[in-house]
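Accompanying notes for the structure given below.
Residue numbers start from 1 in every chain, and the chains themselves are labelled A, B, ... in the order their sequence lines are given, proteins ahead of strands.
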Number of protein chains: 4
Amino acid sequence: MGSGKCRYTVLAAALVAALLMPSEALCQGMSRREIAIPDVLGYKAVMCDFHMHTVFSDGRVWPDVRVGEAWRDGLHALAITDHVEYARHKDDIPKKLNRSHELAMGPARQAGLILVKGAEITRKMPPGHFNVIFTQDTDSLDTPEWRDAMAAAIRQGAFMFWNHPGRDEEVWKAEHTEIYEKGWLQGVEVVNGSRYYAHAHKWCLEKNLAMIGTSDVHGTIDMSYDRAAGEHRPVTIALAEDYTEEAVKDALVSRRTVIYWENELIGKPEHLRAIFDASSVEVLTEELALKPKGRAEMQVRNTSDVSYELELDGEADDIWARGKVTLPAHRTVRVRIGRRPDTAPGEKTIRLPYRVSNLKVAPEQGLQVELSIRVKLEES
Amino acid sequence: MGSGKCRYTVLAAALVAALLMPSEALCQGMSRREIAIPDVLGYKAVMCDFHMHTVFSDGRVWPDVRVGEAWRDGLHALAITDHVEYARHKDDIPKKLNRSHELAMGPARQAGLILVKGAEITRKMPPGHFNVIFTQDTDSLDTPEWRDAMAAAIRQGAFMFWNHPGRDEEVWKAEHTEIYEKGWLQGVEVVNGSRYYAHAHKWCLEKNLAMIGTSDVHGTIDMSYDRAAGEHRPVTIALAEDYTEEAVKDALVSRRTVIYWENELIGKPEHLRAIFDASSVEVLTEELALKPKGRAEMQVRNTSDVSYELELDGEADDIWARGKVTLPAHRTVRVRIGRRPDTAPGEKTIRLPYRVSNLKVAPEQGLQVELSIRVKLEES
Amino acid sequence: MGSGKCRYTVLAAALVAALLMPSEALCQGMSRREIAIPDVLGYKAVMCDFHMHTVFSDGRVWPDVRVGEAWRDGLHALAITDHVEYARHKDDIPKKLNRSHELAMGPARQAGLILVKGAEITRKMPPGHFNVIFTQDTDSLDTPEWRDAMAAAIRQGAFMFWNHPGRDEEVWKAEHTEIYEKGWLQGVEVVNGSRYYAHAHKWCLEKNLAMIGTSDVHGTIDMSYDRAAGEHRPVTIALAEDYTEEAVKDALVSRRTVIYWENELIGKPEHLRAIFDASSVEVLTEELALKPKGRAEMQVRNTSDVSYELELDGEADDIWARGKVTLPAHRTVRVRIGRRPDTAPGEKTIRLPYRVSNLKVAPEQGLQVELSIRVKLEES
Amino acid sequence: MGSGKCRYTVLAAALVAALLMPSEALCQGMSRREIAIPDVLGYKAVMCDFHMHTVFSDGRVWPDVRVGEAWRDGLHALAITDHVEYARHKDDIPKKLNRSHELAMGPARQAGLILVKGAEITRKMPPGHFNVIFTQDTDSLDTPEWRDAMAAAIRQGAFMFWNHPGRDEEVWKAEHTEIYEKGWLQGVEVVNGSRYYAHAHKWCLEKNLAMIGTSDVHGTIDMSYDRAAGEHRPVTIALAEDYTEEAVKDALVSRRTVIYWENELIGKPEHLRAIFDASSVEVLTEELALKPKGRAEMQVRNTSDVSYELELDGEADDIWARGKVTLPAHRTVRVRIGRRPDTAPGEKTIRLPYRVSNLKVAPEQGLQVELSIRVKLEES
């Protein structure tokens, strides 16, 4: 192992570096698909995943893979949140708590993505696992006492949320009340990976916590979500003033988040209604003329990635409508309506009351919406 | 940072280990799809990829990811072939040449895959990059002189093939003649990643080298091949006595390999014909009765993953047939034939001569095949 | 408009006939995909749809379209069952009751499909609509009294089943008891179009009626079932001695039918178990060695078109297994099992009891199956 | 067969009519997908297919099926163009030349589609087959002399185009010169069904004929185009002032048409460039900073249904760029560029010259386009 070896190794490395251009290799053949969920209420719909791991804790990919996956999946922002306390591969990769973020910075800049710094504080229950994002330094979180770790993160300006919060409401202990009352706990994962936590959803409503959905991915995204079958990772949609880190943080702090999970959106009624009404669903038919007992069809278009599932929830005056309606993603359908017997002639706007089961405003509760249609009730 | 830290870290690690079961996390939601290319000539069609990288050289995934991808993609055998000379992540991962194979062994055993030990000897041209597989120890390949590295591999019983062998025939130099004549060079990549090397294909035919197709993947397989669009990595099909490492090696040494790349099979005529004839393509129609100038259709079924592209290549007696025929993967189609004018009545078996452009027996040369159909030429 | 016109019309027609070869036009670009549900118990799994309409009653396609669709969809047998009493297009197409079958005969022969003659006897409830198949002449069914129509069909050797049998059990009236007791009523549609009739399923079990699933298609198949989304028409699988009309009839009469609908099979336990066990689902793992409290994975392959949904239904000795398992169509998955505490060492075959929710043996009742795996319980 | 029969038939028909609501049955489960090709130059991109057949000539579907297919396929306008001279099913359907249009009117109105009246004048070559659309009465076209038929159509205000115009340029005869010089011949099918006619494309350029692409469908659309494989019928995109019959006619007369066929657009350079530039393709990257010999990636988004295939066609100052670029439909990709050696520092907008092979402005000639990117060439 003399100087000879040294020399040839350097040469070979230079050669290889020239042959294999890393970022090109990473992206070769890759393309990005935007997520079609509209901007609403003057905010951008910023697509985020704030929970993922790399080889620097117990993940299985290099940090730049997380950037490549996020770019391809239509995300705008991501955080790599390796465990502070746990380095599964430490025999091969000496523990360096800030390293995965550092390695992802160049690729994220090149891809035009917002890379938020973060980490997972991983302790026994209670209190359990917590993600802190918008942090500055992860080393300072590596403390014996979990309170010290959280306090260090909060001092750095962190936004903290509780990860995969157990089986049921019983997992909320005095420790959680403590960090909630201190203002440290600002959000909770209502969706983690492939699981929805109804009790966490309830907590968000009761305690005004931000609803968070994350992948918590350890392997590759494609091993967890079969894109060929139309699957996608959970996404937290931050309704933010702009595509900036500050605006995203403000959205989280202000609780303007919607979770996009499987074929479902979870969020506040005003946000979900804005998504449904203002943009993605449109009644195309301008007016329908109906003779007594007549029937007709209104055309309804959905330009979003979500296939909405509607069920009638009440009755409209004069008009009956189909009880169950599916509005498939990126499609227009025809919805049958009809004029009730013994209704007076005239022109009016009818508001058909539906409930959208996969716009979830509370556990097992869909958003109430209206489909409006102008009808002309003819004399005969 | 005293003993206190030590203690909680150990506790946390135990906790985490219990929560996150690695192999389950790896496979969660994953399923395997077999490659539908039939066993032929008494051999198993053993699906192999013998060129891939991990974080231990310049790849971007942990070794067990390569096993997970291979299992899902329907492979039976793989080799992790990290560069001997080049450790791109050495600032974070101290170089350990045998480590990626070692880490993949448990997952491979669990998945039921054959994990062949290997490495990439990566030197300047000439001679360039070479994969050695069925090796014992990679450290011994880390030598200043490339001849010494190769010799060490050969002593270990390696099968060696030349990787992505340059732009054209001109890249074959005296050094290549040397290692070929020594019997060290036994194969060449005719397909690497997304590229086909026509000149390498020619060398295989002229010099009886094994035809090899590999992914040479560095990122994740799904970043390089869009499964949702039906893409797949290149595969070397070893026609082996059995699903064992020894049988696979024997297949390579005996030059019984077929490359499956995009929608194409590349190999020896006898192997490709066996795949086409014996199993995947079948004329279902037993007999067709044809009046003078009559027409009819024969049904042809293809049970393989390859969509065959046929073009008439000559003429049959008495019968004309459609000039271009596509036999889509896993489908049956009807092929129009007709009786020529002035043909005598009688019953006979007609052999329609076609050339299959994507069963490649040489650069730009498709395999000749016959579709046989029994016809009854009627009196009138 | 004298003889001149006649002449040119004939010329033009000849020209057109030469240009447009009907059967070719029909099949151009079309291919057939077999339905992957295995032959079992010594019978062929003959794929049938015995309820469909053409322009000769209230359908919207020419009879040969039904043949083309059936061929493409992987069916082996079909019946065109136009309404006896109702000719929606009679202003344009004078009623001819035997004509749609007659027109479909040539195309069916060419396609190699079994075309069963049939019709729909369409009366007010009770008794409602009934399909009769394996009939000889439809004109004789056009009678004022429904009993006369049925009697005529039965005399011709018909197999008769009740179509889309209403909302609930209440629709079974004295008339149905009458025709059931006479032996005229031999089957009932448990699935029609996109609807499953639980009460009809119960009748089949209680009264030994053949379970029938049909499309009852009026428009094109592709307007009712979105193939791009993986949808398919309901199919009656006749477990028949052979691919012949006689054998199919015998299967129906002998009540050897299974309905394939959406992602579900409905049938007798012995038939569904044979499909699940004997052929489409296989545990690939030969033996698993388990240390005390050890875990391992068994690989299970499903070669059918149905994605099976399994749920644990009881406990096995010594071994626990994953509670919910999906076996996706044409895929292999790994199922986690583990050794219970305090179990004695030894080698044994474990039978894991599951219930398959989409192998339906009664309304809301899945088939009980076992996954068998050889385990070696090690000393430590 | 007395009055008794009459009565029950009427009853049964009423019953059936109530059970089977035709338009619902037709559309059940159907949804419409818009074609994503943008409006340009102040015109709507009106999607049209002006060549299709029904059972009233030699087609295989009822007229309302053509409306249902068109609606689902994202068309805005269609014409049913049954042969004037040829009624293949005349034994069953007495010839009525205006009937198919008449039957399609109600469904078209309900679906919100523009139904243009038309017919195919079908004579021996020369002159061959011609579609006339925007006609009033088809009976008057049923004349012995083809000139009389055409003259009658032109008198009704028809737009006439030549269908599937033979093998090569040789098929243009004196008769075609005659009708061209009379101003009767206004367009030609450059694409018919699955075939592109290069010589017809040339005629359009030389003689200022409207470029027309049609399906000429006889069976169902889904038998000719496999939607599950992403296939679609040929479409004539009329660049029209509005979604009205008049505006569509004006677009044809003014030669503002683009053919959308497979993954290709055929049209005038100004139209194709507008589609490419103004709307569907966008360079997202605002500016790239490049050190001497530096490399970077620009992101380019394509929001249309067409996957564009670009090839460098010339050189830009200071900057090299990737030679071949695919912009997949509804995706963003990264295109590698780099700074040439010995280039002066400064900021500038670079226009990269590409040719888009599947934006066809003439046979085998792609449209020239530019991708513009702002670069900052740094000092070092």
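- Distance alone, capped at 3.5 Å, places no donor-acceptor pair between the C:Asp49 side chain and the C:Arg233 backbone.
- Listed options C:Val61, C:Ile93, C:Val55 were ranked by heavy-atom pairs under 4.5 angstrom with chain D; first place goes to C:Ile93.
- A side-chain donor-acceptor contact under 3.5 Å links D:Asp58 and D:His218.
- Looking at D:Arg99, only its side chain comes within 4.5 Å of chain C, counting heavy atoms on both sides.
- Side-chain atoms of D:Asp168 and D:His199 form no donor-acceptor pair, as typed in the model, at a separation below 3.5 Å.
- Only the side chain of D:Leu103 comes within less than 4.5 Å of a heavy atom in chain C; its backbone stays farther off.
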Could you go step by step and tell me if C:Glu69 and C:Arg66 meet the salt bridge (charged side-chain N to carboxylate O under 4.0 Å, His left out) rule?
CA-CA 5 Å; C:Glu69 291 172 336; C:Arg66 293 296 175 227; 2.8 Å; yes
